[in-house]
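Numbered from 1 within each chain, the chains take letters A, B, ... in sequence-line order. Hydrogens, waters and symmetry mates play no part in the numbers below; they use all other heavy atoms, side chains included.
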Number of protein chains: 2
Amino acid sequence: MAEKTGTKTPRERYRSQVRAEIKERAWEQIATAGASALSLNAIAKQMGMSGPALYRYFAGRDELITELIRDAYRSLADTFRAASASGADVAALAHALRGWALDDPQRYFLVYGTPVPGYHAPDDVTAIASEIMATLLDACAALPPGDFATPFATHLEGHRQWADGHPAPPAALHRALAFWTRLHGVLSLELAGHFTGMGFDPPLLFAAELEDLSAH
Amino acid sequence: MAEKTGTKTPRERYRSQVRAEIKERAWEQIATAGASALSLNAIAKQMGMSGPALYRYFAGRDELITELIRDAYRSLADTFRAASASGADVAALAHALRGWALDDPQRYFLVYGTPVPGYHAPDDVTAIASEIMATLLDACAALPPGDFATPFATHLEGHRQWADGHPAPPAALHRALAFWTRLHGVLSLELAGHFTGMGFDPPLLFAAELEDLSAH
DNA sequence: CTGATGAGTTACAACTTCTAACGAACGCAA
DNA sequence: TTGCGTTCGTTAGAAGTTGTAACTCATCAG
């Protein structure tokens, strides 16, 4: 969302402003109808200009969506970094994640949802993903090994490309992966509405999983 | 996939056959390009007939996709029931789930992936979902409470609409939910390619989560 | 054999993304 | 201030899409 509005020529300022407004409208559409329903034409009409004008700002629908994905990743990374900067432990990180997800479920799904078979994220996006994992690893490294000194942790000791320069011990790596996959499991099913009508309280399930992750 | 080809009039036989072929082509398209890229026109062309002909068989794109979702749910329910019938424990159920998911990742995402904001699954689909959970509950009820005799399990004791007539004790309910959410967490991230390039072996993470679910 | 039912057709409307060509506005520089 | 080039927005149009309407023709039942 943070379009660079730094010192620039008037034309570049205008350009950035229009790009930002396009993305904002796009987010609105995505939030209400999902990413697959995003229409460049509809955005243009909303902004009072004709369809092809948008192609001055984005090469096409795909580039716009990629840009939104990038922003979504950055938004989560920023949320994590902010939490971490104010001394967040894994529990606080979990609640930051949950808050971020509930804030805009479709944004969450843009990052962690159903992938388009052919699509490959650009390198800078995967770099942001690494930053997110690094923040998580920091928090996990602050805990004793506990129940995560597992055989799989031993496997991770020799297969830690994703934690390349990170000093976290194997158990922390396993805990971080469990944190990620378990909370994603609860969150994605909750946001997708798979718990509706089951009767229990989804936040309590989230809390129970978090408890299990933090305690042992 | 199992279109009823029972005793019918010739016209109904033909109709069922064509419907089945449409769905088959649809599955191919979905597997290679995702559900959002499904095109009725393309299917018609593949089958050697003109676009609007398909509307004799499906009211529209949405109805076709809903039908595919229904089939996907049924397929998973059948897989679970077959596994359960041959005396599967939770571990065997987990491997059945994993096999089913890897068999056609887009089919998995059709069931557990990103939802369309407005969409509400028809009642018979939620009924199949309940059947799946019931099979899972059976397997979980066969295990001692273990670590799943939790505060959240107590909450479930009073909020078990989803396990209405099922005799499973609270700890089994909690275990079933953990089974579902944790394995879905690992599977969905794996199928979406979020583990690629991280270095570790996704099946081992799945196994580790399963181990944690079965042991305690 | 006849007549209703249903399948497939073409034609069309209303969308979509996206390209091409044009005009007009804008900002910079002489 | 006077150009002049860059960039923006326009319209026109191609090639798709979903979906409706009307028509033809085969098929099946009585």
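Side chain of B/P52, nearest nucleotide from C/dT10, D/dC8, D/dT10: C/dT10.
Judged by distance alone, the side chain of B/R19 and the main-chain N or O of B/Y57 form a donor-acceptor pair under 3.5 Å. Under the 3.5 Å distance criterion, the side-chain polar atoms of B/S214 are matched with a main-chain donor or acceptor of B/L210.
Side-chain to base pairing of A/R56 with D/dG9: one donor and one acceptor N or O lie within less than 3.5 Å of each other. Below the 3.5 angstrom threshold, one finds no donor paired with an acceptor across the side chain of B/R61 and the base of D/dG19.
Ring pair A/H194/B/Y112: centre-to-centre distance below 6.0 Å.
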Under 3.5 Å, which protein N or O atoms sit close to an N or O of nucleotides 25-30 of chain C? Give each pair with its distance.
from   : atom 1 : to    : atom 2 : distance (Å)
C/dC26 : O2     : A/R11 : NH2    : 3.2

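A heavy-atom distance below 4.5 Å is found between the side chains of B/R107 and B/W100. Considering only heavy atoms from C-beta on, A/V18 stays 4.5 Å or farther from A/R56 through its side chain.
When each of B/Y55 and A/Y57 is assigned the nucleotide of DNA chain D with its nearest heavy atom, A/Y57 is the one assigned upstream, toward the 5' end.
Within residues 31-46 of chain A, no residue approaches DNA chain D, by heavy-atom distance under 4.0 Å.
Of the side-chain N and O atoms in B/S50, none sit less than 4.0 angstrom from OP1 or OP2 of C/dG8.
A/R70 and A/E67 are joined by a salt bridge, as a carboxylate oxygen and a charged side-chain nitrogen come within less than 4.0 angstrom of each other.
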